[in-house]
Protein chains: 2
Amino acid sequence: MTTTPRVPAEGRPAPLTGGAGSDGVLGAIREAILTGEFGPGQRLVEADLSARFGASRGSVRAALFELANEGVVERVQNRGARVRAVTLEEAIEISEVRMVVEGLCAAKAAERITDEQATELRALGSAMRAAVSAGDVMRYSELNQRLHGRIRQISGQSTAAGVLERLRAQNVRHQFRLSLIPGRPHVSLAEHLAIIDEICARAPEAAERAARRHLLSVIDALASAVH
Amino acid sequence: MTTTPRVPAEGRPAPLTGGAGSDGVLGAIREAILTGEFGPGQRLVEADLSARFGASRGSVRAALFELANEGVVERVQNRGARVRAVTLEEAIEISEVRMVVEGLCAAKAAERITDEQATELRALGSAMRAAVSAGDVMRYSELNQRLHGRIRQISGQSTAAGVLERLRAQNVRHQFRLSLIPGRPHVSLAEHLAIIDEICARAPEAAERAARRHLLSVIDALASAVH
DNA sequence: TGAGGCTAGATTGTCAACATTATTGCCGTA
DNA sequence: TACGGCAATAATGTTGACAATCTAGCCTCA
């Protein structure tokens, strides 16, 4: 509390989305957190946010509640909200859960994929390969996210998709850090291509194994970041 | 909308918890849904609930939002909330996710379990066996829930625990129905004992397989309920 | 000088009134 | 009689003000 500054009241007087609706505020705050503008541990005072985004305190309040159960924000009774600081241990836990759930999605996707979708997935794989060759980390990261999203979609497992979406939101920071490790994209790419291959081959069990192998590699990378 | 009655305004004039705080209302509404007092599809009108539980509309509103992202209640913009009716297909989806996540917990538990905890788990197993022999479905159902909870706890995987807790809340109705199927408890018991054995034997992979086998059996039972 | 209590400020929690939106039943018209 | 618009009603969404709660700094007293 003593070291965490409050959100600055000035800087951008007009709201980002133009409107003052709670939906706009939700997106605005979430983006501010995800882009790192509001760092981990940052206090989120309702009145300040209200002034900054030009929305009523009620809207801000509702948004904070929503973010709280997305796991992006922590709330304590009568003590307000702050940006949740996800520890490395938690990041590993999250990745472990992702490992098994993404494995399920991969298996389901392998069972249901159409030829058309397979073509699309392979195209995504090629694009990722190109991005790694070009050393374009941002683009690779974006394609990576798109691939995982597409697999979830193809799997038709909306429950699993919901769980994963929620977990992803909590983990973006660590996720992003990983991709900055030298040599990491190269390893990651191979694993992704393996997942794509197995799904397109309509081999559920192999696809699940490939997905789990990939996440296991992510976990290892995270764990080795513990000094 | 035409066939779903509103929640009756009378019946229990005084609030259940004594207070009018949002926390009490949340618990009260949740319990009313879980006990089946508010059936699936039941409309939840804020003003009515407010009158019934003696809380302000704001508190009820907050509670409904919370329940909505627990997945127990459905909300549509400007059209209010209603008790979510989980279809059989969704119940199967939920069980599939549970399958892999409980598998993870079982594996983790097998890695971390202490001798003391092993003793406790085996005792739970004996109690379940006794309950099945006695034909006490309610007690078996309760022990069942406690076993799964204890395994989650031993696993130390709080992220997975959170995911499972959330999924369980959506599925209690189907879960309960299953245990009423003749012969089902007997099958279920054997699977549970197998999970306990493998965890106590500190065999992570075998424990995961046992947990998945159990949930797969649940899924089959659910699927066969589709006429 | 240190501990305990106390007051002032800041922040969240709650509430009731108002605005907005969707539904329903009715009426006029072809 | 069937259809399309329209007004009345019911419910939710929003806002601003008030009450309860927590934190921090100060002051007293042993």
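Protein chains get the first letters and strands the later ones, always in sequence-line order, with residue 1 at the start of each. It should be emphasised that the depicted structure is a prediction, and the values quoted were computed from it without experimental measurement.
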Nearest-angstrom distance from the residue atom CG of A:Leu26 to P of D:dG13: 15 Å
Between B:Ser217 and B:Arg184: side-chain donor-acceptor atoms closer than 3.5 Å: yes
Of A:Arg57 and A:Gln77, the one whose closest DNA chain D nucleotide lies more 5': A:Arg57
C:dA16 OP1/OP2 closer than 4.0 Å to side-chain N/O of B:Ser56: no
Interatomic distance where CD belongs to B:Glu46 and P belongs to D:dG13 [whole Å]: 6 Å
Nucleotide C:dT14, atom C1' - distance to CZ of A:Phe65 in whole Å: 11 Å
Note: A:Arg82-A:Glu74 ion pair, threshold 4.0 Å (strictly below): no
Verdict with reasoning, A:Glu70 to A:Arg30, per salt bridge (charged side-chain N to carboxylate O under 4.0 Å, His left out): CA-CA 10 Å; A:Glu70 283 181 20; A:Arg30 186 191 279 124; 2.5 Å; yes
Between B:Thr159 and A:Glu90: side-chain donor-acceptor atoms closer than 3.5 Å: no
Got a list of protein N/O to nucleotides 5-8 of chain C N/O distances below 3.5 Å?
none

Ion pair B:Glu102/B:Lys108, N-O distance below 4.0 Å: no
Main-chain N/O of A:Val86 paired with A:His174 side-chain donor or acceptor, under 3.5 Å: yes
A:Arg75 CZ - D:dC22 C1' separation (whole Å): 14 Å
B:Asn78 CG - C:dT23 P separation (whole Å): 9 Å
C:dT12 OP1/OP2 closer than 4.0 Å to side-chain N/O of A:Arg79: no
